[in-house]
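Remember, predicted model here, so these are calculated numbers, not experimental data. One-based numbering, in listed order, for ligands and for the atoms of each.
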Amino acid sequence: MVIDCFAFFKEMKNKMYSKIDTKIIEELGAIVGQTNVQTTKDILKAYGHDETEDFVFLPEVVVIPNTVGEVSKIMRLCNQQKIPVTPRGAGTGLAGGALPVCGGILLSMERFNKILNIDEQNLQITTETAVITEVLQNAVKEKGLYYPPDPASKGTCYIGGNINTNSGGPHAVKYGVVKDYVLNLEVVLPNGEVIWTGANTLKNSTGYNLTQLMVGSEGTLGIVTKAVLKLIPQPSQSLLLLIPFESPESACAAVSAIFRAGITPSCLEFMERRAIEYALVYLGDMKMMIPDEVQAHLLLEVDGYYIESLYEDCEQIAKVVEGFGAEEILFADNDAQKRELWRLRKCVGRAVKKGTIYKEEDTVVPRAELPKLLKGVKMIGQNYGFESVCYGHAGDGNLHVNIVKGELTEQQWNEELPKAITEIFELVKSLGGTISGEHGIGWVQRPYMPIVFGEVELGLMSAIKNVFDPNNILNPQKIF
Ligand code: 2HG
Ligand code: ZN
C-alpha cells in the first residue's frame with residue numbers, strides 16, 4: 001500500500017510545513033554533497049518503509065549525512081524552514097517509527113557506522129549509531145566482553161534504532177534491556193544544537209536524566225549520533241532446553257514458577273504450536289516432529305561460568321515444569337542444536353508475516369499474569385473471528401500477538417479489528433501491563449495510548465516534545 005501522504009497529513013503539512021523546493025535541495029547538497037541527496041522515486045520508496053505491515057510513505061527527499069556537524073546543519077535549516085525530518089536507521093522497526101508520514105526529509109543515518117572505542121578497563125564501548133547490533137556484539141566478544149540486548153533483528157538492526165525504541169530481545173530477562181546499558185548519548189536537537197546527555201559513569205545522579213529521556217523517544221526528541229554503552233564479562237557456558245507442554249496456558253503458568261524456584265534463566269521464550277508451525281514452513285529445511293498433544297513450548301537458556309551448576313539448574317527446572325504437565329524435555333547441549341533452535345524462534349515474526357495480512361501487538365504484563373493474558377487474547381480472537389499467533393519473551397511477561405487477517409472481510413479488518421485490539425489492550429491494562437514491551441508506539445500504536453495513559457500523562461509527554469521540538473519537525477505523528 002503506497003501512501004504518498006494521507007489527505008489529512010497533506011492538509012496539515014500545507015498548514016504546518018514548507019514544501020522542499022530546488023533551493024532547499026541545493027542547500028542540502030551543499031551540506032552533505034549532492035550525491036547524498038536523493039529524489040528518485042525508487043530511492044524514495046526504498047527508504048519510505050520499515051518492517052511495519054506493508055506501509056510505504058514517500059518522503060520528498062532522502063538525505064544521507066556522514067558527520068554530526070552535517071546533521072546539525074540539516075536540522076538548523078529544517079527548523080528554520082519548518083521542514084519535517086524523519087530519522088531512519090536500518091528500517092527494521094515494527095511500529096512504523098521510521099515512516100516519513102508527513103513527507104519532508106528522510107534522514108538516513110546509515111553512514112554513522114563506526115565503532116569508535118572499546119574501553120576494556122572500564123568495560124564500555126563508544127560507538128556511532130548505525131553499527132549493526134550483532135557487529136557490535138561480535139566486536140566486544142573478541143575481547144571477552146558482552147553487550148546482551150539482542151532483538152530478533154540483531155543481524156540487521158542498528159544500535160541507534162535499539163536505543164530509540166529501548167529494545168529488548170530474549171536475553172533481556174536476565175541482563176535487562178537497552179536502557180540498562182546506555183551511559184551517555186551525543187544528540188543533535190531539532191534546532192541543530194549538539195549535546196551530550198550524561199557521563200561515562202555507571203552511576204549518575206546529576207539533575208534530570210536526559211540520557212534515559214532520550215532512550216525510547218523514537219527519534220522524536222533528537223537524533224542520536226554517538227552512544228557510550230556499558231559492557232559486562234561474557235559468560236562462558238550455556239545450556240538450552242526446549243520444553244513441550246500440552247496446554248499453552250500451563251506453559252505460561254510455569255514461567256513465574258521457575259523464577260519463584262529461585263532460577264533466573266538467561267532466556268525464557270514462549271511459542272504456541274502455530275508459531276512453530278509457521279516457522280517450520282518458512283524455514284523449509286528444518287524437520288521437527290511435534291506430537292499432536294503438544295500445543296506449546298518454552299525455550300529456556302541458562303548461562304554462567306560453571307557447567308555443573310547449570311546442569312543443577314536444569315534438574316531444578318525439570319522438577320518445576322513437570323508440575324505443569326511438561327512432556328519430555330529436549331536438551332540442546334551442542335552449538336549446532338542451539339543455533340537451530342534459535343533459528344526457529346527468531347524467524348517466527350517473519351514467518352507469520354510472510355504471505356499474510358497481519359497486525360502485530362507487543363503486549364506486556366506482570367509475568368504471573370501471562371496465562372490470563374493468553375486466555376483473554378484467544379477469547380477475543382474467537383469473538384471477532386481472527387487467528388492470533390502468540391510467542392515471545394515470556395520471562396519478561398512480553399507476549400507478541402500476531403493477528404492474521406485470514407478470512408476476515410475488509411470491513412471486519414478495518415473497522416472491527418481496532419475494537420478487538422482495544423479489548424486486548426484493555427485486558428493488558430487490567431492485568432497491570434502496557435501496550436508495548438519493546439517495539440515502541442511509532443505510528444501504528446498511537447490511537448491506543450489513551451488506554452494506558454490519561455490526559456495529564458499524555459499532556460506531560462506532549463509538553464516535553466514541545467520543549468525539545470517546538471516546531472514539531474522531528475519525526476512528527478509518532479507516539480502521540
Ligand atoms: C521477536 O521477539 C521480535 O521475535 C518480533 O520482537 C519480530 O515481529 C517480528 O518480526
Ligand atoms: Zn520480541
Decide if the gap between the ring center of Phe386 and the ring center of Trp413 is smaller than 6.0 angstrom.
no
Do Tyr391 and Phe270 have their ring centres less than 6.0 Å from each other?
no
Of His400, Gln445, Lys353, the one forming a side-chain hydrogen bond (donor to acceptor under 3.5 Å, both in side chains) with Glu360 is Lys353
Could you state the interatomic distance from CG (Leu221) to NZ (Lys465), rounded to the nearest 0.5 Å?
6.5 Å
Give a yes or no on whether the ring-centroid distance for Tyr146 and Tyr175 is below 6.0 angstrom.
yes
Thr133 side chain to Asn162 side chain, donor-acceptor N/O pair below 3.5 angstrom
yes
Under a 3.5 Å threshold, I'd like every N/O contact between ligand 1 and protein atoms, with atom names and distance.
unit_1   : atom_1 : unit_2 : atom_2 : d
ligand 1 : 2 (O)  : Arg345 : NH2    : 2.7
ligand 1 : 2 (O)  : His393 : NE2    : 3.0
ligand 1 : 2 (O)  : His400 : NE2    : 3.1
ligand 1 : 4 (O)  : Arg345 : NH1    : 3.0
ligand 1 : 4 (O)  : Arg345 : NH2    : 3.4
ligand 1 : 6 (O)  : His400 : NE2    : 3.0
ligand 1 : 6 (O)  : Glu438 : OE2    : 2.8
ligand 1 : 6 (O)  : His439 : NE2    : 2.8
ligand 1 : 8 (O)  : Lys353 : NZ     : 3.1
ligand 1 : 8 (O)  : Glu360 : OE1    : 3.1
ligand 1 : 8 (O)  : Glu360 : OE2    : 2.5
ligand 1 : 8 (O)  : Tyr391 : OH     : 3.4
ligand 1 : 10 (O) : Lys353 : NZ     : 2.9

Quiz question: by atom type and distance under 3.5 Å, do the side chains of Asn204 and Asn209 form a donor-acceptor pair?
no
Face-on cation placement of Lys230 at Tyr181 ring, 6.0 Å and 45° thresholds
yes
Any donor-acceptor pair under 3.5 Å linking the side-chain atoms of His439 with those of Glu361?
no
Listed protein N/O/S atoms, distance to the Zn ion (ligand 2) under 2.8 Å
His393 NE2, His400 NE2, Glu438 OE2
